[in-house]
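Below is one structure, written out as structure tokens; comments come after it.
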Amino acid sequence: MELEDIFLRVIKSGIFRNRDILKPDYIPDKLPHREREIRKLGGILAPVLKGSRPSNVFIYGLTGTGKTAVTKYVTRKLVETAKKFNVNVKVAYVNTRQSDTPYRVLMELAESVGVKVPFTGIPAAEVYRRFIRGLENLGATLIVILDEIDYLVKKHGDDILYRLSRTNEILSNSEISMIGITNDVRFSEILDPRIKSSLGEVEMVFPPYDAVQLEDILSERAKKAFYEDTLDDGVIPLCAALAAKEHGDARKALDLLRVAGELAEQEGARKVTIDHVWKARDELEKDKVSEIVRTMPFHGKLVLASIYRLQMRKTSPPTTGEIYSEYRALCERMDTASLTYRRISDIINELDTLGLIEAQIVSRGRYGRTKIVKLNVQPKIIEEVMLEDRYLEGILQ
DNA sequence: CGTCCACAGGAATGACGGGCGG
DNA sequence: CCGCCCGTCATTCCTGTGGACG
């Protein structure tokens with residue numbers, strides 16, 4: 001198929017009215033099945049409009065349960081209202097998975113109050129001081145949203161949470177109030193009790209969506225995103241069902257629907273079909289994996305290849321020890337110095353957090369305690385992705 | 001009921017490159 | 001330009017542990 005044909009098809013296609021509505025960062029004006037949460041969070045933050053500091057809030061919920069969307073939605077409305085009543089409210093949104101060091105978090109906070117800070121070179125304490133100074137100059141109430149906060153704490157401890165939670169004692173002209181968001185249900189267990197009580201003045205839990213609710217969400221957005229009669233009957237239910245299997249992840253459901261639409265468009269189809277949804281599922285997985293693999297350090301790729309090889313060869317899922325010897329053998333073949341066992345153990349954990357594998361600690365009694373590892377993506381996709389890298393092609397054989 | 005396997009994963013430390021402030 | 005501090009990756013050394021086996 002010629003490239004120009006694809007362009008023409010997309011131009012002529014009557015499928016998408018506005019595809020941005022299905023993108024993950026789009027915040028709709030209606031969030032179905034989250035009305036209760038919106039009202040509750042709104043109620044918690046409302047006191048800021050009368051000049052008092054809102055309680056800190058802690059929000060739990062699995063990925064794609066609307067935590068971020070609800071928080072952004074409510075704080076956006078809050079800022080709008082504050083403007084009308086001439087109240088000085090600022091919102092700082094930090095995703096601590098992207099900004100995954102205390103330094104970078106402080107940097108983003110500083111930037112949210114208009115202070116520029118270099119990427120590195122100065123002590124974190126100095127960034128903190130500049131942030132405080134910047135905030136005092138504004139004389140505002142700053143609502144700090146720390147999204148995916150468990151990433152930061154697991155990697156770097158809860159020091160900055162402690163510091164941030166006590167910042168109000170230093171401030172005279174301003175205030176901060178915090179919203180912590182996490183998808184780790186057991187996160188509070190690893191927190192220092194002092195931080196837990198100050199950060200979790202109010203706690204909210206976002207339940208997963210079920211398939212029916214996901215259908216509502218999709219239908220709501222599809223009305224605006226697609227032209228009428230462009231979706232086959234089964235499309236939305238299938239997207240919803242697939243996402244419901246992944247613990248009711250609405251983001252996943254929207255991705256599926258959007259990519260299915262894009263595939264239909266590129267084919268020049270008049271309608272989005274169930275088939276497009278299945279293809280979309282494969283494509284999303286492949287994109288995820290190849291993105292991760294591309295940015296992974298070399299030895300991470302070798303470890304992943306080792307796991308793949310073992311899984312193909314053996315019937316029982318491999319353990320850390322087996323993976324390590326396989327990895328050593330691969331290193332030898334590639335004429336590369338191997339890393340230590342300890343490091344590989346960490347890399348396996350990293351692959352786990354990235355979602356490429358699923359690692360589970362098991363005790364086999366007399367025969368020791370280890371971690372058994374399973375690939376969490378289709379082997380076919382690992383193959384495709386490894387072939388893209390010319391240093392790695394052939395490594396799977 | 002104690003032992004002991006096969007690891008998990010914490011702590012300390014070091015090498016290294018980037019980007020300051022002086 | 002230098003010295004300093006940073007984050008990142010890696011090594012070394014280490015203590016901790018669930019449960020089948022004897």
Side-chain angles (χ1 to χ4, degrees), chain A residues 94-111 115-134 146 148-161 163-164 184 186-187 189-192 292-307 310-311 314 316-332 334-354 356-374 376 391:
Chain A
V94 184
N95 182 311
T96 74
R97 175 134 70 140
Q98 282 151 31
S99 310
D100 61 349
T101 63
Y103 187 89
R104 276 181 227 165
V105 171
L106 288 169
M107 189 172 106
E108 297 227 16
L109 292 182
E111 266 159 24
V115 182
K116 284 281 265 172
V117 170
F119 288 105
T120 171
I122 56 174
E126 173 60 23
V127 182
Y128 179 68
R129 236 172 288 136
R130 292 190 195 178
F131 160 60
I132 301 288
R133 211 184 308 143
L146 297 170
E148 309 203 69
I149 193 175
D150 46 315
Y151 281 87
L152 182 67
V153 173
K154 277 174 201 156
K155 271 183 114 168
H156 299 278
D158 47 16
D159 295 3
I160 61 155
L161 291 191
R163 187 124 51 105
L164 284 176
D184 183 349
R186 295 175 314 155
F187 175 64
E189 291 169 20
I190 59 174
L191 271 187
D192 187 302
I292 293 173
V293 169
R294 216 175 305 126
T295 56
M296 209 168 18
F298 181 63
H299 289 276
K301 299 178 189 178
L302 288 185
V303 172
L304 186 61
S306 307
I307 296 168
L310 288 169
Q311 183 155 319
K314 297 188 357 151
S316 58
T319 65
T320 317
E322 289 163 339
I323 293 167
Y324 188 61
S325 14
E326 183 69 17
Y327 158 81
R328 289 276 295 244
L330 274 187
C331 283
E332 195 147 327
M334 307 273 295
D335 221 10
T336 313
S338 54
L339 303 180
T340 47
Y341 185 90
R342 183 66 186 83
R343 180 65 189 130
I344 299 309
S345 160
D346 275 346
I347 289 180
I348 290 176
N349 284 338
E350 283 160 27
L351 292 176
D352 190 13
T353 11
L354 289 169
L356 292 190
I357 62 172
E358 219 166 278
Q360 202 189 352
I361 305 165
V362 290
S363 176
R364 294 174 305 182
R366 190 64 251 277
Y367 305 106
R369 197 161 169 272
T370 184
K371 205 172 235 186
I372 54 169
V373 174
K374 269 193 310 207
N376 207 19
Y391 292 106

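Lettering follows sequence order; numbering is per chain, from 1.
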**Asked** Given atom CD1 of A:Ile372 and atom C1' of B:dA6, what is their separation to the nearest angstrom?
**Response** 14 Å
**Request:** Between protein and nucleotides 14-22 of chain C, map the contacts as a letter string: B base, S sugar-phosphate only, - none, heavy atoms under 4.0 Å, written 5' to 3'.
**Result:** --BBBBBS-
**Message:** Rounded at 0.5 Å granularity, tell me how far CD1 in A:Ile344 sits from SG in A:Cys331.
**Reply:** 7.0 Å
**Prompt:** Counting side-chain heavy atoms from C-beta on, which of B:dG9, B:dC7, C:dA10 comes nearest to A:Tyr341?
**Reply:** B:dC7
**Message:** Contact list please: residues 316-332 of chain A against DNA chain B, heavy atoms, distance less than 4.0 Å, in numerical order.
**Reply:** A:Thr319, A:Thr320, A:Gly321
**Message:** So, using salt bridge (Lys or Arg N to Asp or Glu O under 4.0 Å) as the criterion, who are the partners of A:Arg343 when residues are at least two apart?
**Reply:** A:Glu350
**Protein-nucleotide distance (A:Glu350, atom CD; B:dG9, atom P), rounded to Å** = 13 Å
**Complete:** A:Gln360 atom CD is separated from B:dC7 atom C1', nearest whole Å, by 15 Å
**Complete:** OH of A:Tyr327 to CD1 of A:Ile348, rounded to nearest 0.5 Å, is 11.0 Å
**Complete:** Whole-Å distance, A:Arg342 CZ to B:dG14 P, equals 18 Å
**Message:** Measuring from the side chain of A:Thr340 (C-beta onward, heavy atoms only), which nucleotide among C:dT12, B:dA8, C:dT8 has the closest atom?
**Reply:** C:dT12
**Asked** Is a side-chain donor or acceptor of A:Glu322 paired with a backbone partner of A:Thr319 at a separation under 3.5 angstrom?
**Response** yes
**Item:** Between P of C:dT11 and CD1 of A:Ile347, the distance in whole Å
**Value:** 9 Å
**Asked** Under 3.5 Å, is there a donor-acceptor pair between the side chain of A:Thr96 and the main chain of A:Glu148?
**Response** yes
**Asked** Which value, rounded to the nearest 0.5 Å, describes the distance between A:His299 atom NE2 and A:Leu304 atom CG?
**Response** 14.5 Å
**Prompt:** Does A:Lys371 have a side-chain nitrogen or oxygen under 4.0 Å from the phosphate oxygens OP1 or OP2 of B:dG9?
**Reply:** yes
**Message:** I'd like to check the side-chain hydrogen bond (donor to acceptor under 3.5 Å, both in side chains) partners of A:Asp352; sequence neighbours left out, ordered by chain and number.
**Reply:** none
**Results of ring pair (Phe, Tyr, Trp, His ring centres under 6.0 Å) for A:Tyr341 - residues two or more places apart only** = A:Tyr324
**Request:** Please examine the side chains of A:Leu310 and A:Val373, heavy atoms only from C-beta on, and report whether any two atoms are closer than 4.5 Å.
**Result:** no
**Asked** To the nearest 0.5 Å, how far apart are CD1 in A:Ile323 and CD1 in A:Ile372?
**Response** 10.5 Å
**Complete:** Taken to the nearest whole Å, CG/A:Leu339 to P/C:dT8 is 18 Å
**Complete:** The reported gap from CG in A:Leu351 to CG in A:Asn376 (rounded to nearest 0.5 angstrom) is 11.0 Å
**Request:** Tell me whether the OP1 or OP2 atom of B:dG9 has a side-chain N or O from A:Asn349 closer than 4.0 Å.
**Result:** yes
**Message:** I need the CD1-C1' distance between A:Ile344 and C:dT12, as an integer number of Å.
**Reply:** 15 Å
**Prompt:** What is the distance, rounded to the nearest whole Å, between atom CG of A:Asp346 and atom P of C:dA10?
**Reply:** 10 Å
**Asked** Rounded to the nearest 0.5 Å, how far does CD1 of A:Ile307 lie from CD of A:Glu326?
**Response** 10.5 Å
**Message:** Let's see if you get this right: which residues in residues 293-304 of chain A place a heavy atom under 4.0 Å from DNA chain C?
**Reply:** none
